2 protein chains.
Amino acid sequence: MRDEDLQEMRQLPLFEGVGAAYVESLLRSAFVQRFPAHVELVHEGDPADFLYVIVQGQVEIYAGYRDRETTISVLGPGNSFIIAAVLLDRVYLKSARGLTPTRILMLPAEAVREGFAEDAHFARALAVDMALAYRGVVKELKNQKLRSSLERLANWLIAEEEKGGSTGKLEIPYDKKVLASRLGMAPEVLSRSIAALIPYKVDIRGRHVQLNDREALLSLARPVPTIDDPAC
Amino acid sequence: MRDEDLQEMRQLPLFEGVGAAYVESLLRSAFVQRFPAHVELVHEGDPADFLYVIVQGQVEIYAGYRDRETTISVLGPGNSFIIAAVLLDRVYLKSARGLTPTRILMLPAEAVREGFAEDAHFARALAVDMALAYRGVVKELKNQKLRSSLERLANWLIAEEEKGGSTGKLEIPYDKKVLASRLGMAPEVLSRSIAALIPYKVDIRGRHVQLNDREALLSLARPVPTIDDPAC
DNA sequence: TCACGTCCTTGATATTGATCAAGCTCTGAT
DNA sequence: ATCAGAGCTTGATCAATATCAAGGACGTGA
């Protein structure tokens with residue numbers, strides 16, 4: 001691994017509070033790899049050989065069943081994926097592919113498991129990480145089971161706008177069909193849902209969105225902390 | 001806490017591999033409480049004051065939004081709930097109520113967090129627990145997003161039958177309306193789905209179920225390890 | 001600038017699931 | 001044994017979402 005890469009890796013959120021020496025030894029067995037867009041990085045059902053951390057680019061986490069496919073989430077720089085499988089030495093439950101060209105840090109699963117067994121700080125960091133990830137999925141499950149597609153879209157827009165600093169504007173960060181799959185609907189339904197938001201003064205052109213009547217949209221979306229607040 | 005209760009608690013899966021001394025000190029601040037059926041044990045949105053472990057009875061974990069409600073899971077003796085909220089000192093994301101009269105071990109959240117911070121074994125046990133729970137929800141999310149109600153029912157039947165030792169018979173362990181909510185459908189849809197399984201030689205009378213053509217049901221359900229295998 | 005392909009939208013229609021209403025069944029209490 | 005109530009089923013209808021098909025918009029490379 002190049003020295004400047006190493007420098008960068010050390011600061012990953014995953015390693016916060018973990019002894020420098022241990023991070024060092026973990027990183028010694030790791031390497032950074034570039035992948036072109038659209039290639040599958042991991043395939044569900046395969047044994048967890050590596051823990052992946054995104055350095056650059058966007059990664060879609062998805063899962064398939066029969067001829068269907070759904071995206072679970074889309075991750076960016078700083079995010080890691082499939083910690084749980086690595087920690088438990090099990091099979092991946094989800095697949096991953098780059099939506100863009102990516103640079104990815106790959107940590108051999110064996111090293112991560114050793115770190116977990118030997119370094120208490122790292123073990124705690126992993127536990128906290130797992131707990132946060134767990135709550136994230138629970139929220140998503142509630143989102144799916146309790147809301148209609150239109151409500152999911154409305155809430156996603158509000159959440160995304162707030163993530164971008166509550167400017168009233170936002171960019172959809174990937175293809176609409178990916179967003180549709182993330183939100184759990186067919187692309188056609190997303191199109192129609194977008195059209196259905198015009199009365200709420202939502203103005204979508206391409207990937208550029210403007211929310212011109214926050215109140216109206218909020219009254220439709222009705223966000224609640226226990227589903228929508230990322231800090232909750 | 002009564003002495004015989006203490007004896008029982010020590011053997012909970014949560015404490016596996018944790019030093020006896022530490023378990024002891026944890027349990028000193030804990031107590032066992034009886035609740036009548038149908039009372040709400042925890043309410044989503046409340047701060048996590050206790051970690052709950054079921055000693056006796058059935059507990060429904062559910063969540064609400066507007067006037068809707070969905071059950072996330074139904075737990076039995078030995079299961080604990082809301083570890084993540086306790087560990088992170090956050091608010092509960094789900095509510096819980098007894099489906100039957102229950103006996104429940106309540107561990108003050110503060111003590112659990114101390115244990116996590118000070119006992120490395122306990123921290124690891126929690127991390128593993130969180131990882132398992134995480135994978136459970138991911139599977140459930142896939143189940144919801146990728147399958148129809150009929151498929152979810154068919155797969156639930158198979159999983160439940162295998163849990164009971166693959167005898168071809170099984171008991172639905174709670175009211176059908178709870179099962180419907182657990183599977184993410186209206187009670188009427190569950191009724192009709194059950195009727196739709198008659199051609200597959202599924203015989204349901206009350207809570208008693210018999211699977212008379214496993215092959216046929218399997219070809220409809222098409223279970224896959226990455227959603228349905230609890231050991232995966 | 002044009003042409004191609006991909007992505008998105010729109011329309012028509014089918015399917016799935018929800019809701020409303022009524023009746024039935026089982027159980028538990030009197 | 002009888003009655004009340006809860007839980008379940010069934011029918012009719014409606015709403016939400018998926019699917020199929022076609023056309024339009026847009027960006028990219030020649």
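Each chain gets a letter, A, B and so on, in the order the sequences are listed, and its residues count up from 1. In this text, all values refer to a predicted model and were calculated from it rather than measured experimentally.
- Nucleotides of DNA chain C lying under 4.0 Å from heavy atoms of chain B occupy a range whose first and last members, 5' to 3', are C:dG17 to C:dC20.
- Ion pairing between A:Glu69 and B:Lys145 fails under the 4.0 Å rule for side-chain N and carboxylate O.
- Using a distance-only test at 3.5 Å, with no hydrogens or angles considered, a donor-acceptor pair links the side chain of A:Tyr92 to the main chain of A:Asp49.
- At distances below 3.5 Å, at least one donor-acceptor pair connects side-chain atoms of A:Lys142 with backbone N or O atoms of A:Thr226.
- A side-chain donor-acceptor contact under 3.5 Å links A:Asp213 to the backbone of A:Ala216.
- Partners of B:Phe35 by ring-ring contact (aromatic ring centres under 6.0 Å, His included), not counting sequence neighbours: none found.
- Using modelled atom types, no side-chain atom of A:Lys177 and backbone atom of A:Ala186 make a donor-acceptor pair closer than 3.5 Å.
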Output a table of nitrogen or oxygen pairs between the protein and nucleotides 5-8 of chain D separated by less than 3.5 Å.
{"unit_1": "D:dG7", "atom_1": "OP2", "unit_2": "B:Lys177", "atom_2": "NZ", "d": "2.9"}
{"unit_1": "D:dC8", "atom_1": "OP1", "unit_2": "B:Lys176", "atom_2": "N", "d": "2.8"}
{"unit_1": "D:dC8", "atom_1": "OP2", "unit_2": "B:Lys177", "atom_2": "N", "d": "3.2"}

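- Using modelled atom types, no side-chain atom of A:Tyr62 and backbone atom of A:Ser181 make a donor-acceptor pair closer than 3.5 Å.
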Quick one: which protein N/O atoms are closer than 3.5 Å to N/O atoms of nucleotides 14-19 of chain D? Pair and distance per line, please.
{"unit_1": "D:dT17", "atom_1": "OP1", "unit_2": "A:Ser149", "atom_2": "N", "d": "3.0"}
{"unit_1": "D:dT17", "atom_1": "OP1", "unit_2": "A:Ser149", "atom_2": "OG", "d": "3.1"}
{"unit_1": "D:dT17", "atom_1": "OP2", "unit_2": "A:Ser149", "atom_2": "OG", "d": "3.0"}
{"unit_1": "D:dT17", "atom_1": "O5'", "unit_2": "A:Ser149", "atom_2": "OG", "d": "3.2"}
{"unit_1": "D:dA18", "atom_1": "OP2", "unit_2": "A:Ala186", "atom_2": "N", "d": "3.0"}
{"unit_1": "D:dT19", "atom_1": "O4", "unit_2": "A:Arg192", "atom_2": "NH2", "d": "3.0"}

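- A salt bridge does not link B:Glu160 with B:Lys169: every distance from a Lys NZ or Arg NE/NH1/NH2 to an Asp or Glu carboxylate oxygen is 4.0 Å or more.
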Polar atom pairs (N or O), protein with nucleotides 23-30 of chain D, under 3.5 Å:
none

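- Judged purely by atom type and a 3.5 angstrom limit, A:Glu161 uses its side chain to pair as donor or acceptor with the backbone of A:Gly168.
- No side-chain N or O of B:Gln58 forms a donor-acceptor pair with one of B:Thr100 less than 3.5 Å apart.
- In this structure, B:Phe81 has its ring center no closer than 6.0 Å to that of B:Phe50.
- A donor-acceptor pair under 3.5 Å links the side-chain atoms of A:Arg68 to the main chain of B:Leu146, judged by distance alone.
- Using five terminal pairs a side, the axes of the helix from C:dT1-D:dA30 to C:dT30-D:dA1 at its two ends make an angle of 40°, given in steps of 10 degrees.
- Under the 4.0 Å criterion applied to side-chain N and carboxylate O atoms, B:Glu162 and B:Arg214 are assigned as salt-bridge partners.
- Looking at every heavy atom in both residues, A:Leu87 comes nearest to A:Met130 through CD2-CG, 4.4 Å.
- A salt bridge is defined here as a Lys NZ or Arg NE, NH1 or NH2 lying under 4.0 Å from an Asp or Glu carboxylate O, and B:Arg97 with B:Glu60 meets this definition.
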